[in-house]
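A short write-up of the structure that comes next.
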Amino acid sequence: MKLHNTLTRSVQDIQPLQDNTVRIYTCGPTVYDHAHIGNLSTYVFADTLRRAIQLAGFETQQVMNYTDVDDKTIRRSHEQFPDDEPREALANLTEKYIAIFNEDMDKIGNDIRAVTFVSATESIEPMKELITKLHAGGFAYIADDGVYFSIEAYRKSGKTYGQLLEITAQSTSEARIQNDEYDKESVHDFALWKKQKDGEPSWEFTLDGQDLTGRPGWHIECSAMSRAALGQPFDIHTGGVDNIFPHHENEIAQSTALEDNPVMATIFAHAEHVLVDGKKMSKSAQNFYTLQDIIDKGYDPLAFRLKVLQSHYRNQANFTWESLDAAVNLLNNLRAWADLKHQKSGQAKNPGEDTYKAELQTLLAATQDDLDTPKAISALAMVAGKDEAAGVDADKIQHFLNIADRLFGLQLANRPDITHEQKDTIAEREAARLAKDWAKSDQLRAALQAQGIDLRDTPNGPVWFRV
RNA sequence: GGCGCCUUGACGGAGUGGUUACGUGGAGGUCUGCAAAACCUUUUACACCGGUUCAAAUCCGGUAGGCGCCUCCA
């Protein structure tokens, strides 16, 4: 199984550090609002990556965090729950959006049961411990408004700040340096802990004899939680490309400052952003969509998943409603194909010996080659197209569908058969049709259509499909 | 300003030197009592300008346009 590593800017083999288990940490959502389709596409990537790794023969341990304390969650919680105590208001807000996030994940076919979720507010203790150690080690200093990480100290210890991308003096503009409003020693230094401001939720924290009651910085949560949940170093750290800098760079610094080994994770894998109508999503551009917007327009959330899988995770994909229409139609065709296994008239009479064997190899090989899902989906679509003409291999298709589902999560393998009553109606309609009783035939067909079942007549008899 | 990526047919989207990707849609036809996501055919592209090469969507240079990161945004 190969995967692109942002650290080395190359595609490399996944080799678990411990036993046969690939340990994955996925940067999760900040739960202050509905996730948008860009967020969700990144999680489709993380979900599919885990699936592909499992099919490559490895065990996996995947952890995702909820960022449930930060500027945005605090501000929003104050707006929505102005009468509650700050921490209560924060919990009210984030619990609401965590629930919505989990529902969204489920709807788009991401397997949340395969992931261990941890939230920042439940991990304050390990964060405080790490900050305390960093301070004792000389990598953190206390300023008026909080505790900062010292990039200079980190560099002086012989480690590289800028492992994921090169960080130079030229890459930071003068204006940004001058506009910097934080009370810190050096531009790139970042907050490990922020002292409480009026009305903000806070947790007690004493460092070096000083009362620093407040809340954690953003980056420290992932360093503390990934270590607590997976150990260090672990195998793969995933996120969106925007996480590369500063978030992941800062995580690396925090996580490795006190270690001999400057490696936080072997591979950092980043998903490109989704564009909408060729542009970055933004509310002002009116091209900002949540999953609910997609559902409200009548689309199946799994069509969105299929659309995401049809482009490579390291390319900027362009989301348009027209492309979602195309995905819907493909999904319907795949479903109609999968449903042929229930139908004699849709099955091949003399299937070959190795039906689906080569296609299965293509699916697995493609996804194990840096998660080439477009190629794999293309192979899937071709199998379905071939079968529609020749009929499915009733003996072997189930295994193929099982593997395809484990890989893509498109839920093709366990689609139910139609009812006995519906089957009887089809038989009755076929009898009427053969007797050239068109009125009765059409009436029975209409009755089935009312139940979401449509028919097409083939030389082998009628084939039903759901509409 | 610094660094990086991208530009493929109606739409989405693969493809790092020579071979129809694939999907969806459009058009024509076949089959069919009608219908149908069935069958056949068709729509065969690679931003622009130069260069390298027997041969370039694919390599090099330039131009134009788009996108991303440069402190809390997947």
Side-chain angles (χ1 to χ4, degrees), chain A residues 9 26-30 35-46 67 70-72 164-176 179-182 184 187-191 194 217-219 221 238-247 249-250 270-275 278-282 306-307 310-312 314-337 346 366 372-382 384-385 388-389 433 436-439 441-442 445-446 449 454-460 462-463 465 467:
Chain A
R9 293 156 189 82
T26 295
C27 269
T30 302
H36 62 246
I37 58 175
N39 300 124
L40 294 172
S41 79
T42 304
Y43 302 125
V44 169
F45 156 67
T67 297
D70 82 320
D71 292 345
K72 289 194 297 277
L164 292 166
L165 83 171
E166 197 179 353
I167 295 165
T168 64
Q170 285 82 12
S171 69
T172 308
S173 73
E174 287 295 316
R176 283 172 186 279
N179 284 341
D180 184 65
E181 57 188 39
Y182 294 96
K184 56 193 178 184
V187 244
H188 288 306
D189 289 358
F190 52 90
K194 296 179 175 185
W218 177 36
H219 314 297
E221 68 175 76
T238 79
V241 286
D242 57 293
N243 285 147
I244 294 172
F245 190 85
H247 187 46
E249 199 64 56
N250 290 349
H270 296 103
E272 253 300 349
H273 283 179
V274 170
L275 306 180
K279 301 282 182 193
K280 185 179 181 176
M281 250 189 293
S282 71
L306 182 56
K307 159 69 189 147
Q310 278 184 292
S311 56
H312 190 90
R314 285 200 287 125
N315 284 142
Q316 288 174 333
N318 189 22
F319 177 91
T320 62
W321 292 108
E322 200 175 353
S323 70
L324 192 58
D325 285 335
V328 167
N329 289 337
L330 175 57
L331 183 61
N332 285 337
N333 289 343
L334 292 172
R335 286 171 168 168
W337 161 64
D372 191 349
T373 56
K375 192 177 191 176
I377 292 290
S378 155
L380 181 69
M382 279 195 279
E388 274 189 272
R433 186 173 156 266
K436 299 194 189 298
D437 184 349
W438 311 131
S441 168
D442 288 350
R445 186 166 64 188
Q449 279 169 340
D454 210 343
L455 298 175
R456 58 187 165 94
D457 294 317
T458 76
N460 298 321
V463 169
F465 58 97
V467 288

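Naming: A, B, ... by sequence-line order, numbering from 1 per chain.
A donor-acceptor contact under 3.5 Å is not formed by the side chain of Arg456(A) with the base of A35(B). For Arg445(A) against C34(B), a side-chain-to-base donor-acceptor contact under 3.5 Å is present. With hydrogens and angles left out, the side chain of His36(A) and the base of A74(B) share a donor-acceptor pair within 3.5 Å. One can find a donor-acceptor pair under 3.5 Å joining the base of C72(B) and the side-chain atoms of Lys194(A). Contact of Asn315(A) with C67(B) (side chain to base): no donor-acceptor pair of N or O atoms is detected under 3.5 Å. With hydrogens and angles ignored, a donor-acceptor pair closer than 3.5 Å exists between the side chain of Asp442(A) and the base of G33(B).
One interatomic measurement links the two molecules: CG of Asn329(A) to C1' of A38(B), which rounds to 16 Å at whole-angstrom precision. Across the protein-nucleic acid pair, Ile244(A) atom CD1 and C69(B) atom C1' stand 8 Å apart, rounded to whole Å. Regarding Trp321(A), its CH2 atom lies at a distance of 20 Å from the C1' atom of A10(B), rounded to whole Å. What separates CG of Leu380(A) from P of A14(B) is a distance of 17 Å, to the nearest Å. C34(B) atom P lies 16 Å from atom CG of Asp437(A), rounded to whole Å. Spacing between atom CG of Asp325(A) and atom P of G12(B) amounts to 12 Å, rounded to whole angstrom units. Atom pair Asn243(A):CG and G68(B):C1' shows a separation of 13 Å (rounding to whole Å applied). In this structure, Gln316(A) atom CD and C73(B) atom P are separated by 19 Å, rounded to whole Å.
Across the strands present, A74(B) finds no partner; the criterion is a Watson-Crick or G-U wobble pair with both atom distances under 3.5 angstrom. In this entry G33(B) has no Watson-Crick or G-U wobble partner, no candidate having both defining distances under 3.5 Å. Using the Watson-Crick or G-U wobble rule with both distances under 3.5 Å, A27(B) pairs with U41(B). Searching all strands for a Watson-Crick or G-U wobble partner of C67(B) with both distances below 3.5 Å returns G4(B). The base-pairing partner of A14(B), taking Watson-Crick or G-U wobble contacts with both distances under 3.5 Å, does not exist among the strands shown. Applying the Watson-Crick and G-U wobble criteria (two distances, each under 3.5 Å), G61(B) pairs with C49(B).
Of the candidates G68(B), C73(B), G23(B), the closest approach to any side-chain atom of Asn39(A) belongs to C73(B). With A74(B), A37(B), C11(B) as the candidates, the nucleotide lying closest to the side chain of Asn333(A) is A37(B). Of the candidates C34(B), A38(B), A14(B), C34(B) carries the atom nearest the Arg433(A) side chain, counting heavy atoms from C-beta on. Between A37(B), A14(B), C73(B), one nucleotide has an atom nearer to the side chain of Pro246(A) than all others, and that is C73(B). Closest contact between the side chain of Phe465(A) and the listed nucleotides G12(B), U24(B), A36(B) involves A36(B).
Nearest heavy atoms, Arg433(A) versus Asp457(A): NE-OD2, 3.2 Å.
Nucleic acid contact class of Leu455(A) (heavy atoms, under 4.0 Å, all strands): base. Within the nucleic acid shown, Val274(A) comes within 4.0 Å of at least one base atom, counting heavy atoms only. Using a 4.0 Å heavy-atom distance criterion, Ser323(A) is classed as a sugar-phosphate-only contact. Among the heavy atoms of the strands, none lies under 4.0 Å from Ala271(A). As judged by a 4.0 angstrom heavy-atom cut-off over every strand, Gly239(A) is placed among residues touching the sugar-phosphate backbone only. Residue contacts shown for Ser311(A) are limited to sugar-phosphate atoms, with no base heavy atom under 4.0 Å away. At a threshold of 4.0 angstrom between heavy atoms, the contacts of Asn318(A) are confined to the sugar-phosphate backbone, with no base atom among them. Residue contacts shown for Thr67(A) are absent, as no nucleic acid heavy atom lies under 4.0 Å away. At the heavy-atom level, Ala327(A) lies nowhere under 4.0 Å from the strands shown. Contacts of Val328(A) with the nucleic acid, taken as non-hydrogen atoms under 4.0 Å apart, are absent.
In this structure, Trp218(A) and His247(A) have parallel ring planes: the angle between them is below the 30° cut-off, well short of the 60° mark.
Distance noted for atom P between A10(B) and G26(B): 15 Å (whole Å).
No side-chain donor-acceptor contact under 3.5 Å links His270(A) and Asn243(A).
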Side chain to side chain contact (heavy atoms under 4.5 Å, CB included) evaluation trace for Val44(A) with Lys307(A)
CA-CA 11 Å; Val44(A) 169; Lys307(A) 159 69 189 147; over 6 Å; no
Yes or no on side chain to side chain contact (heavy atoms under 4.5 Å, CB included) for Arg456(A) and Thr458(A), after CA distance, side-chain angles and deciding distance?
CA-CA 6 Å; Arg456(A) 58 187 165 94; Thr458(A) 76; 4.0 Å; yes
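Between the side chain of Arg335(A) and the backbone N or O of Leu330(A) there is no donor-acceptor pair closer than 3.5 Å. One N or O on the side chain of Asn39(A) and one on the backbone of His36(A) form a donor-acceptor pair closer than 3.5 Å. Between the side chain of Glu249(A) and the main chain of Leu164(A), a donor-acceptor pair closer than 3.5 Å is present.
Residues His219(A) and Asp457(A) each lie close to RNA chain B; by heavy-atom proximity, the contact nearer the 5' end of the strand is made by Asp457(A). Position along RNA chain B of the nearest nucleotide to Ser441(A) versus Asp372(A) favours Asp372(A) as the more 5'-ward residue.
You cannot call His273(A) stacked on the base of G68(B); the centres under 5.5 Å and planes under 30° rule is not satisfied.
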